[in-house]
Amino acid sequence: MNKPENSTESRIPKEIAPEVFALASRYYAEYCQSFSASELVKAGAEVDIPAEFIQKAIQDIEAQRSQQRDRQQRLQ
């Protein structure tokens, strides 16, 4: 890699580069294993599930998971 002159961009030590790439690849793998709401709505439409039911299901499941996390945190 060539070092540009007068660069104001901060430099990352090469010692942490492998760790950065490992973490970034884990983030990307997690991202690839998820769906956007619009992707779920589109998939639901293919099996005749109206979008409002998909949206409601997403909200309900997120609320349930949030409640579960809250309960677990109170127990700790």
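Being a predicted model, the structure only gives us computed values, none of them experimental.
Note that OG of S34 is 9.5 Å distant from CG of L40, once rounded to the nearest 0.5 Å. Rounded to the nearest 0.5 angstrom, R65 CZ and R69 CZ are separated by 8.0 Å. Rounding to the nearest 0.5 Å gives a distance of 10.5 Å between CD1 of I16 and CZ of F21. Between atom CG of residue D70 and atom CD of residue Q68 there is a gap of 10.0 Å, rounded to the nearest 0.5 Å.
Of all non-hydrogen atoms in G44 and I54, the two that sit nearest each other are CA-CD1, 4.2 Å.
Hydrophobic clustering of Ile, Leu, Val, Met, Phe, Trp and Tyr side chains at less than 4.5 Å, counting indirect connections, keeps V47 apart from I61. A single hydrophobic cluster is seen to contain both V41 and I49, as judged by linkage of ILVMFWY side chains at heavy-atom distances under 4.5 Å, directly or through other members.
Counting heavy-atom neighbours within 6.0 Å of E39 CD, excluding the residue itself, gives a total above 12.
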